[in-house]
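A short worksheet on the structure shown next.
Everything numeric here is computed off the predicted structure, so don't read it as measured data. First the proteins, then the strands, lettered A, B, ... as listed; each starts at 1.
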Amino acid sequence: MNDRLLHKWDVDLNEARKIQERLSKHLVLEPYTLGKCMVAGIDVSFRKSTQEASAAIAVMSYPQLRIIEISIARMKMTFPYIPGYLAFREAPAILEAWAKLKTKPNLLVFDGQGLAHPRRFGLACHLGVIFDLPAIGCAKSHLYGDFVEPAQEKGAYSHIIDPAKQDKIGAAVRTRNNVSCVYISPGNHMDIESAVRTIFSLTHRYRLPEPIRYAHKYSGKGWEE
DNA sequence: GCGACAG
DNA sequence: ATCTTGTCGC
């Protein structure tokens, strides 16, 4: 964790944008090779009625993909959902769940965008930079950039292009036959091809990679009592 | 002004 | 994301 880059989350939109632009200078895009490690799936669910957020971090061993530890944290949410600023809504709960985690993972998979973002700094980049760990954004829907629909067969993918600079910022990926795409982009210490390759390695029977499936399952399980 | 818009 | 039952399709 790079404590020097921690900042307040209760800010206005102009300040939030400046924080994204400042922290994005710390992004490192580089090849990543998946090997024996601890991989974490991270997801947050909400309760509209109580204005509460529930973050879950599911740590799994790779390549066994067995659950090693689950950390859940609930808290009041303050920041609204604004496309392009998801980190300011979800990060506080994620950081609290992280603090309670015994097993610190060395690869992070987030339920949201990474580089495929208007300012190239989605949720996966923001927390990937703060944790200073390899991170991947794995979103269930598209936010920013142009792409052509990949073939329907598992394994097919096409690059997401930034309409501003015309360069690659991610990929629309078919993880199973005849399912909708997932949108993959680098978070930190990761390049596009490494991110796509890694997501395929973490995906088995379902559309979403295993760490994300478990994180989603447990984030919605923090409401009992 | 119009359409798009992670969770 | 959340609020919700049954229901269409492989």
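- Straight-line distance from the NE2 atom of His117(A) to the P atom of dG7(B): 13 Å, rounded to whole Å.
- Using a distance-only test at 3.5 Å, with no hydrogens or angles considered, no donor-acceptor pair links the side chain of His189(A) to the main chain of Glu30(A).
- Taking atom CG of Leu86(A) as the reference point, atom P of dT2(C) lies 13 Å away to the nearest angstrom.
- Taking the charged nitrogens against the carboxylate oxygens, Arg213(A) and Glu210(A) do have a contact shorter than 4.0 Å, which makes a salt bridge.
- Counting non-hydrogen atoms under 4.0 angstrom, His142(A) reaches the backbone sugars and phosphates but no base.
- In this structure, the separation between CG on Leu208(A) and CG on Leu202(A) is 12.0 Å, given to the nearest 0.5 Å.
- Note on Ser141(A): a side-chain N or O is less than 4.0 Å away from OP1 or OP2 of dG7(B).
- Atom CD1 in Ile94(A) sits about 14 Å away from atom P in dA1(C), given to the nearest Å.
- Counting to the nearest Å, the P atom of dA1(C) and the CZ atom of Phe110(A) are 17 Å from each other.
- Looking at the side chain of Ser45(A), the nearest of the listed nucleotides dC5(B), dA6(B), dT2(C) is dT2(C).
- Within 4.0 Å (heavy atoms only), Tyr85(A) reaches at least one base atom of the nucleic acid.
- Expressed to the nearest 0.5 Å, how far CD1 of Ile136(A) lies from CD1 of Ile42(A) amounts to 11.5 Å.
- Among the atoms of the strands shown, none is found under 4.0 Å from any heavy atom of Asn178(A).
- When atom types are taken as modelled, the side chain of Glu96(A) and the backbone of Met75(A) share no donor-acceptor pair closer than 3.5 angstrom.
- Looking only at atom types and distance, the side chain of Asp43(A) has no donor-acceptor partner in the side chain of Tyr214(A) under 3.5 Å away.
- Across all strands shown, Gly84(A) has heavy atoms under 4.0 Å from base atoms, whether or not it also approaches the sugar-phosphate.
- Candidate nucleotides dA1(C), dA6(B), dT2(C) were compared by shortest atom distance to the side chain of Lys48(A), and dT2(C) ranks first.
- Summarising the geometry, the separation between NZ on Lys76(A) and P on dA1(C) is reported as 20 Å, rounded to the nearest angstrom.
- Distance, Tyr183(A) OH to dG7(B) P: 10 Å, rounded to whole Å.
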field: Intra- and inter-strand pairs of DNA chain C in dot-bracket (Watson-Crick or G-U wobble, both distances under 3.5 Å; | for another strand)
entry: ..........

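- Rounded to an integer number of Å, the gap from OH of Tyr81(A) to P of dC5(B) is 10 Å.
- Closest to the side chain of Phe46(A), out of dA6(B), dT2(C), dC5(B), is dT2(C).
- To the nearest angstrom, C1' of dG7(B) lies 10 Å from CD of Gln113(A).
- Nearest nucleotide to the Lys140(A) side chain, out of dC3(C), dC5(B), dA1(C): dA1(C).
- Salt bridge status for Arg174(A) with Glu149(A): present, with a side-chain N to carboxylate O gap under 4.0 Å.
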